Amino acid sequence: MEAGKQLAHGETGGGHAGEHGEVCMRASASLLAALALAVGLVVVPFASADEHSPGDPGDTPVEAGVAPDAGVPDSRPGEAFADPKIAELQESATDVQEELDELTSRIADAQRALDEATAQREEAASEREEAEEALREKQDEVDDFSRAMYTGMGRPDDMRMLLTAQSTEDVLAGSSMIRMLRSEQDKRLFDALDRHRAAVDAEREAKAAQEAAEERAEELERRSNDASNRADAISSELRGPIGEANEAVVAQQRAQEKRNAKTAANWESYVDRLDEAGIDPPSAAALRDPDSLPSGLRTVEGTDGTPQAGVAQTSVDGERLLVLPEETVEAVSSAVDALGKPYVPRDEGEGPVAYSCDGLVRAAFGAGGLELPERAPEQLARGVRVPHADAQPGDLVFIGPEKYGVQHVGVVLDDRTMLAADGRIASVAVTDLPASDSALAVVRPALGRRDEARDVPRRDDGELTWRCGGVELPMTTGGDTEHDGAGAWGGYPNGMIPSSALCAIGVSSHTLRCDAAQAFVAMSRAYAGEFGEGLCVTDSYRTFDAQVDLYHRKPALAAVPGTSNHGWGLALDMCGGVQSFGTAQFRWMAENAPEFGWIHPNWARQGGGREEPWHWEYVGRG
C-alpha cells in the first residue's frame with residue numbers, strides 16, 4: 001500500500017528541528033512502533049465485493065391480467081356448465097391452476113429471497129468501500145504527521161529526549177506531549193481500523209448469505225425450468241381434453257343452431273297460418289275476458305275446466321288453431337329473431353347485440369307493447385300467474401329451485417320447450433322446459449300487471465348466485481372495493497368461451513364479452529373525438545391454449561392458465577400512448593374510462609404492486 005511505502009521512507013529520513021519539537025519527537029519511538037504495527041495490519045489487501053449484475057428482466061413484460069396473489073380457481077359447480085365434458089375439463093383445469101399457482105408462489109418467494117440477499121451484499125460492499133476511504137484518509141493524516149516530524153527533528157527516541165532535556169520538567173512535558181499525540185492518533189486510526197474490520201466482516205457475512213441465496217437461486221432456476229416443463233406437459237395433456245371440449249362445443253352449437261332454426265321455422269309457420277286464415281290477432285285487452293271474446297273465437301279450457309283468460313282458439317279446415325294476443329305474437333317474434341345472439345350477464349342484457357334472460361323478455365314484450373320490470377324477481381312478483389299445466393306460447397316460466405331464488409326466466413314455446421338467453425349455453429337459445437320441481441311459476445304477460453307485488457323466493461344464505469341458468473361469481477380486481485372487476489360468467493371455463501358468445505370490438509380480430517365490446521366501441525368513439533383516431537389494442541380475449549403457451553414462455557410473469565381476466569373476454573391491453581403512465585392518452589383513459597365501465601385496476605397502477613399501465617378491465621357501469 002502507498003501508506004506503507006511512505007512510512008518506510010520516513011524511517012530513513014533525517015533533519016533537525018526546534019528544541020521543543022525535538023523533545024516531543026525523542027519520546028515518540030513507541031508511537032512510531034505502534035504506527036508501524038498499525039500500518040502492518042492495514043496493508044493486508046482489502047476484502048472486495050464480487051461484481052453482481054441483476055438478471056436480465058427480458059423483453060417487454062407479459063402482463064398477468066389478474067391481481068397479484070388473486071389467481072383463484074373457478075369455483076362454479078359442474079352443473080353450471082353447458083356440457084358434462086366441459087365440466088370435467090373445468091375440474092381438471094382447476095387442479096392444474098392450483099398446482100401452478102403454488103409453484104408460481106414458491107418461485108416468487110425464492111426470487112424475493114435472492115433479491116434481498118443481493119441487496120444486503122451490495123449494501124455491505126458500499127459500507128466496506130466507505131470504510132476503506134475513511135481509513136485511507138486517516139493513514140494520509142498519519143503519513144503527513146510522521147513526515148513532518150521526521151523532516152523537522154530527525155529520528156526521535158527516548159534516550160535523545162533525556163540527553164537533550166534541560167530539566168525534569170522538560171522530560172515530563174515531552175512525555176506528556178508524546179502520550180497526548182499518541183492517544184489522539186491511535187484513537188483516530190484505530191476507530192477507522194475497527195470500522196473497516198466490521199465492514200469487512202459484514203461483507204463476508206453478506207457474501208456467505210448471497211452464496212446461500214445463489215444456491216437457492218439455482219433451485220429457483222430448476223423450478224423455473226420445471227414450470228416450463230410443466231407448462232409443456234399441461235399443454236400436451238390438455239390438448240386432448242381441450243380438443244374434445246372444443247369439439248363438444250362445436251357439436252353443441254351445431255345442434256343448437258338446428259334446434260333454433262327448426263323452432264324459428266315452426267313459429268313462422270304458425271304466424272303464416274294465422275295470416276292465411278285471415279285472422280288478425282286481437283289485442284291482449286280483447287282476450288282478457290273469456291266471456292266476451294271477439295267474433296269467431298272460442299275459449300281455451302284450463303286444467304280445472306274453466307276458460308283461460310288471455311288466449312283463444314278457432315278452427316281452420318277442421319283443425320284447432322290457437323289464437324294469441326297481438327302483443328304476445330309480436331313479443332315471441334321478437335324473441336325468435338334474437339335466437340343465436342350472445343348471452344351477457346348482469347345489467348346490460350336488453351339487446352340488440354346481446355341479452356340476459358330477464359333483459360330478453362323485457363325487450364321482447366316491450367317491442368310488443370307490454371312493459372315488464374327489469375329483473376326476473378320483479379317480473380314474477382308483478383306478473384299474473386297461471387297454472388303450470390295451462391302454460392301457453394308466450395307465457396313466461398320462472399325457474400328456481402327456491403333455494404336459488406328466482407334465477408332464470410324463459411318464454412314458453414310449447415309443452416316441452418322454451419326460448420331464453422341461457423347463461424350455460426351463453427346465447428339466446430331454445431331449451432327444454434324445466435321440471436316441475438324447478439319451475440317456480442308461470443306468468444301470462446297478456447293479463448297485465450298486479451297492482452301489488454307478491455312475495456317471491458329469495459336465495460338462501462350461503463348459496464351461490466345463479467342467474468339465467470348459470471352461476472355468477474362475485475367480481476374482484478385485487479382488493480379494489482370501489483370498483484368490482486372481471487370474473488367468471490357463462491357455461492364455459494376461462495379461455496374456452498365460444499366465439500359466438502363474444503363480440504368484435506372493431507379493432508383487428510379482437511373480441512370481448514358483448515357488453516364490454518359495446519362499451520369499448522363507445523369509449524373508442526369518444527377517444528377519437530379527442531385524439532383523431534380510435535383506441536389502440538394489442539390483446540383482448542385470450543384462449544386457454546394461448547394462456548398455456550404464454551405461461552410456458554414466461555412462467556415468472558404470465559398468469560397461471562385459467563386465471564387471466566383476458567380469458568373471460570373482459571380485459572384489454574392498450575397501445576397508442578395508453579401503455580405509458582403520464583401520457584395525454586393515459587390521462588384521458590384514467591379520467592374517462594370509468595364512464596364507460598372500464599377501469600385501470602388498483603394492482604396495475606403506479607405503486608400498486610405491479611405497474612401495468614396498458615392493462616384495463618371492464619366492470620360495467622354502476
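Predicted model, so just to flag it, every value in this text is computed and none were measured.
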May I ask you to check whether Trp616 and Phe586 place their ring centres under 6.0 Å from each other?
-> yes
Short side-chain donor-acceptor distance under 3.5 Å, Asp573 and Gln579 =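 No, no side-chain donor-acceptor pair sits under 3.5 Å.
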Going by atom types alone, do Asn565 and His615 pair a side-chain donor with an acceptor below 3.5 Å?
-> no
Would one find more than 12 heavy atoms of other residues, nucleotides or ligands at under 6.0 Å from atom CG of Asp455?
->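 No.
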Residues that [X] engages under side chain to side chain donor-acceptor pair (under 3.5 Å), provided they are two or more places apart:
{"X": "Gln256", "result": "Asn260"}
{"X": "Ser333", "result": "Trp267"}
{"X": "Asp422", "result": "none"}
{"X": "Tyr541", "result": "none"}

Arg375 meets the salt bridge (charged side-chain N to carboxylate O under 4.0 Å, His left out) criterion, sequence neighbours left out, with Asp347, Asp358
Sorted by chain and residue number, the salt bridge (charged side-chain N to carboxylate O under 4.0 Å, His left out) partners of Arg273 (sequence neighbours excluded) come out as Glu319
Name all pairs fulfilling the disulfide (SG to SG under 2.5 Å) condition that reach into residues 339-378, sequence neighbours left out, sorted by first residue then second.
-> Cys357-Cys468
So disulfide (SG to SG under 2.5 Å) across residues 490-530, not counting sequence neighbours, yields Cys503-Cys514
Looking at Trp489, does the NZ or CZ of Arg513 lie under 6.0 angstrom from its six-membered ring centre and within 45 degrees of the ring axis?
-> yes
Residue pairs fulfilling side chain to side chain donor-acceptor pair (under 3.5 Å) with at least one residue in residues 501-510, sequence neighbours excluded = His510-Ser540
Under a 3.5 Å distance rule, please check whether [X] uses its side chain to pair with a backbone N or O of [Y] as donor and acceptor.
{"X": "Ser564", "Y": "His566", "answer": "yes"}
{"X": "Thr417", "Y": "Val430", "answer": "no"}
{"X": "Lys341", "Y": "Tyr355", "answer": "no"}

Can you list the steps and then say if Gln253 with Ser500 is a side chain to side chain donor-acceptor pair (under 3.5 Å)?
-> CA-CA 9 Å; Gln253 286 182 296; Ser500 61; 2.5 Å; yes
Can you list every ring-ring contact (aromatic ring centres under 6.0 Å, His included) pair that touches residues 453-472, not counting sequence neighbours?
->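 Non-adjacent pairs meeting ring-ring contact (aromatic ring centres under 6.0 Å, His included): Tyr404-Trp466.
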CA sep, side-chain torsions, deciding dist, call: Asp432, Arg259, salt bridge (charged side-chain N to carboxylate O under 4.0 Å, His left out) = CA-CA 11 Å; Asp432 294 337; Arg259 192 178 194 186; 2.5 Å; yes
How far apart are the closest heavy atoms of Leu413 and Pro393, and which atoms are they?
-> O-CG, 3.2 Å
Evaluate the ring planes of Phe596 and Trp588, with Trp represented by its six-membered ring, and classify them as parallel (under 30°), tilted (30 to 60°) or perpendicular (over 60°).
-> parallel
Would you check, one step at a time, whether the test side chain to side chain donor-acceptor pair (under 3.5 Å) holds for Glu530 with Asn592?
-> CA-CA 11 Å; Glu530 179 72 18; Asn592 296 280; over 6 Å; no
Would you mind listing every salt bridge (Lys or Arg N to Asp or Glu O under 4.0 Å) that reaches into residues 434-445, with sequence neighbours excluded?
->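 The answer is Asp395-Arg444.
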Could you walk me through whether Asn266 and Thr263 pass the side chain to side chain donor-acceptor pair (under 3.5 Å) test, one step at a time?
-> CA-CA 5 Å; Asn266 289 342; Thr263 297; 5.4 Å; no
For Pro434, side chain to side chain contact (heavy atoms under 4.5 Å, CB included) partners two or more places apart | Val397, Ile399, Met418, Ser438, Ala439
